[in-house]
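Just so you know, ligand 1 is whichever comes first in the structure, and atom 1 is the first atom listed for that ligand. Hydrogens, waters and symmetry mates are skipped; everything else that's a heavy atom, side chains included, is used.
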Amino acid sequence: MFRVFSLYPLIAIIKPMKNRENKLALGGAFENQIEYCNEVISLNRGKYPKFYIRTLGCQMNEADSEQLMGMLIEMGYQPWDKIEEADFIIFNTCCVRENAEQKLYGHIGELKALKSKNKDLITALCGCMMQQEHVVEKIKNSYHYIDIVFGTHNRYRLPELLHKRLTSNKRVFEIWEDNKGIAENIPVARQDKISAFVPITYGCDNFCSYCIVPYVRGREVSREAKSIRKDIEELAKEGVKEITLLGQNVNSYNSTMNFPQLLHYLSDISGIERIRFMTSHPKDLSVELIEAIRDIPSLCKHIHLPLQSGSSSVLKMMNRKYTKESYLSLISLLKEEIPHISISTDIIVGFPGETEEDFLETLDTYEKVGFDFAYTFIYSKRTGTPAAIKKDQVPDDIKSERFNRLIELVNRLTEQSNKADENKVLKVLVEGKSKTDPNYYTGRSESNKIVNFKADKDFTGTIVDVKIIKAHSWHIEGEIL
Ligand code: SAM
Ligand code: SF4
């Protein structure tokens, strides 16, 4: 769940207001919203209403929520971490898997009770799920206590939509079918002062046959390199040390430059010590990109490269555009050029038509690559995607049984990878005190592993040398040198 800091508001409210003139001068689609921000402030007359945002889903949704928070702070609202005390509640939704959709209706139910206690409460739903017509119809007809509904493409219009609701007392529904360009200069309320997500592309053109993302996030568009650089320079000035460039298919970035060129262009920003990116598609992993990872010192020697399946015939049915063999060749090249690179992945089990032999190919590929970590998913039918109408759906019990076998392998190799770090000295970017044990500090290695260690001094925000003394299943433990 998204982190919300209740002590943050005062600093955050003042800052965007100071920048307002500057933003007007910069232009961009958010410019038209500034007047609505001012209108909302005057409607609230000296009050600082509280808002609560719940983010479901991936890093892209988290980045979107940081923009929603930024805009709300611009409108004089303050972030609040107790939902029951909030004046405005937004749920930013996900629909990648069916259970996310089912869960949302549970979350919405919570709003009914809150609304009955507080008649002035305003409720909003946004994000991927709202791009689906059947969902919006259901909300319109059956959930009358939802006041505002908007999608992924018109997120930047929140000030206008909120203003409409505050002035008309009518429910507001606005969904756009596709991107109409990228809105720049949207204020962002960063949740992490050391590490920041920076979206560089929106949407996806790949249409993997199981995936709903291209339908709800629209066609792929790349931000201008200059705007990306400007954002990162600002972040560096604010003290951010690590950035993660985000895109559904981040390495198909294409503006006046391609992705490896963009990485070089961003690599000399003073203060940014680490650059990460996700998610890469194997079909766009070029030799030029591998060389960029090898040659740019601030680029972490880690790649998240979703395999999805190790069977070439399943990969064809998934429309992934690579084979088991071509994937393994890429891995060989990566390891040849960057010997200590860490590699993580996404795997789906139980895609329609997947046989036991296909599944064994996945286990075999997983073992051959020796992944450091994986996000594992049971195939979930998404209405509107080609795979959902395939006749040969895999029965649930077989999916679960395969999933358990996969998890066993993933855990074994992750532990092996963690064990291999014992006695090594790793560079760790310190994020702060551990949340589970206040005697420890926590940070991440270049390979993106969580490293916990004891220290007498607070090194938050700096990169320190930590000697790894013990491997655990989900983190490694060390001592600062
Ligand atoms: N664009 C990224 C990519 O291609 O890897 C991430 C997109 S998606 C939000 C993250 C992961 O969800 C995918 O890599 C895939 O493994 C999984 N996923 C997507 N659709 C799915 C489905 N219908 N059932 C199960 N897992 C799914
Ligand atoms: Fe979905 Fe495939 Fe696009 Fe990733 S690359 S978002 S899995 S369609």
- Item | Protein heavy-atom partner closest to atom 5 (O) of ligand 1 - residue, atom, separation in Å | Pro306 CG, 3.1 Å
- Query: What is the distance from atom CD1 of Ile148 to atom CG of Leu125, rounded to the nearest 0.5 Å?
  - Reply: 10.0 Å
- Item | Mode of Gln248 contact toward ligand 1 - side chain, backbone, both, neither (heavy atoms, under 4.0 Å) | both
- Does the gap between the ring centers of Tyr366 and Phe371 come in under 6.0 Å? yes
- Message: Hydrogens and angles aside, do Tyr327 and Ser329 bring a side-chain donor and acceptor to less than 3.5 Å of each other?
- Response: no
- Task: Assert yes or no for the condition that the ring centre distance of Phe277 to Phe259 is strictly below 6.0 Å.
- Result: yes
- Message: Any nitrogen or oxygen of Thr279, side chain or backbone, less than 3.5 Å from one on ligand 1?
- Response: no
- Task: Considering only non-hydrogen protein atoms, determine which one is nearest to atom 22 (C) of ligand 1 and report residue, atom name and distance to 0.1 Å.
- Result: Ser380 O, 3.6 Å
- Where on Thr385 is there a heavy atom closer than 4.0 Å to ligand 1, on the side chain, on the backbone, on both, or on neither? neither
- May I ask whether Ile347 places a heavy atom under 4.0 Å from ligand 1? no
- Task: For Pro214, counting its heavy atoms only, list the atoms of ligand 2 lying under 4.0 Å from any of them.
- Result: 8 (S)
- Mind checking whether Tyr156 and Phe30 have ring centres under 6.0 Å apart? no
- Task: Please work out whether the ring planes of Phe373 and Tyr375 are parallel, tilted or perpendicular, with thresholds of 30° and 60°.
- Result: perpendicular
- For the residue pair Asn411 and Thr414, confirm or rule out a side-chain donor-acceptor distance under 3.5 Å. no
- Task: Examine Arg155 relative to Phe150 and say whether NZ or CZ is less than 6.0 Å from the centre of the six-membered ring and inside a 45° cone about the ring axis.
- Result: no
- Which heavy atom of the protein is the closest neighbour of atom 5 (S) of ligand 2, given with residue, atom name and distance? Asn206 ND2, 3.2 Å
- Task: Could you establish whether Gln308 and ligand 1 come within less than 4.0 Å of each other, counting only heavy atoms on the residue side?
- Result: yes
- Asn249-ligand 1 polar pair, N/O distance under 3.5 Å: no
- Note on the structure: Taking only non-hydrogen atoms of Cys208 and a 4.0 Å limit, the atoms of ligand 2 in range are 2 (Fe), 5 (S), 7 (S), 8 (S)
- Please state which part of Lys381 comes within less than 4.0 Å of ligand 1, counting heavy atoms only: side chain, backbone, both or neither. neither
- Part of Tyr210 within contact of ligand 2 (heavy atoms, under 4.0 Å): side chain
- Between Tyr215 and Phe207, does the ring centroid distance fall short of 6.0 Å? yes
- Note on the structure: Residue, atom and distance of the protein heavy atom nearest atom 27 (C) of ligand 1 read Ile348 CD1, 3.7 Å
- Item | side-chain hydrogen bond (donor to acceptor under 3.5 Å, both in side chains), paired with His302, selected from Ser445, Ser447, Ser344 | Ser344
- Message: For Arg320, state whether at least one heavy atom is located under 4.0 Å from any atom of ligand 2.
- Response: yes
- Give a yes or no on whether Cys204 keeps an N, O or S atom under 2.8 Å from atom 2 (Fe) of ligand 2. no
- Of all the non-hydrogen atoms in the protein, which one sits nearest to atom 9 (C) of ligand 1, and at what distance? Val96 CG2, 3.6 Å
- Who's the nearest protein heavy-atom neighbour of atom 26 (N) of ligand 1, and how far? Phe377 CB, 3.5 Å
- Query: What is the distance from atom CD of Glu431 to atom OG of Ser195, rounded to the nearest 0.5 Å?
  - Reply: 6.5 Å
- Query: What residue and heavy atom of the protein are closest to atom 4 (Fe) of ligand 2, and at what distance?
  - Reply: Gln248 O, 4.2 Å
- Message: Students often mix this up, so state it plainly: with edges at 30° and 60°, are the rings of Tyr210 and Phe351 parallel, tilted or perpendicular?
- Response: perpendicular
- Message: Applying a heavy-atom cut-off of 4.0 Å, say which part of Asn249 lies close to ligand 2: side chain, backbone, both or neither.
- Response: neither
- Item | Polar contact flag for Tyr210 and ligand 1 (N/O pairs, less than 3.5 Å) | yes
- Message: Does only the side chain of Arg97 get under 4.0 Å from ligand 1, or the backbone, or both, or neither? Count heavy atoms.
- Response: side chain
- Query: Any idea which protein heavy atom is nearest atom 11 (C) of ligand 1, and the distance to it?
  - Reply: Asp346 OD2, 3.5 Å
- Note on the structure: shortest atom 25 (C) of ligand 1-to-protein heavy-atom contact is with Ile378 O, 3.4 Å
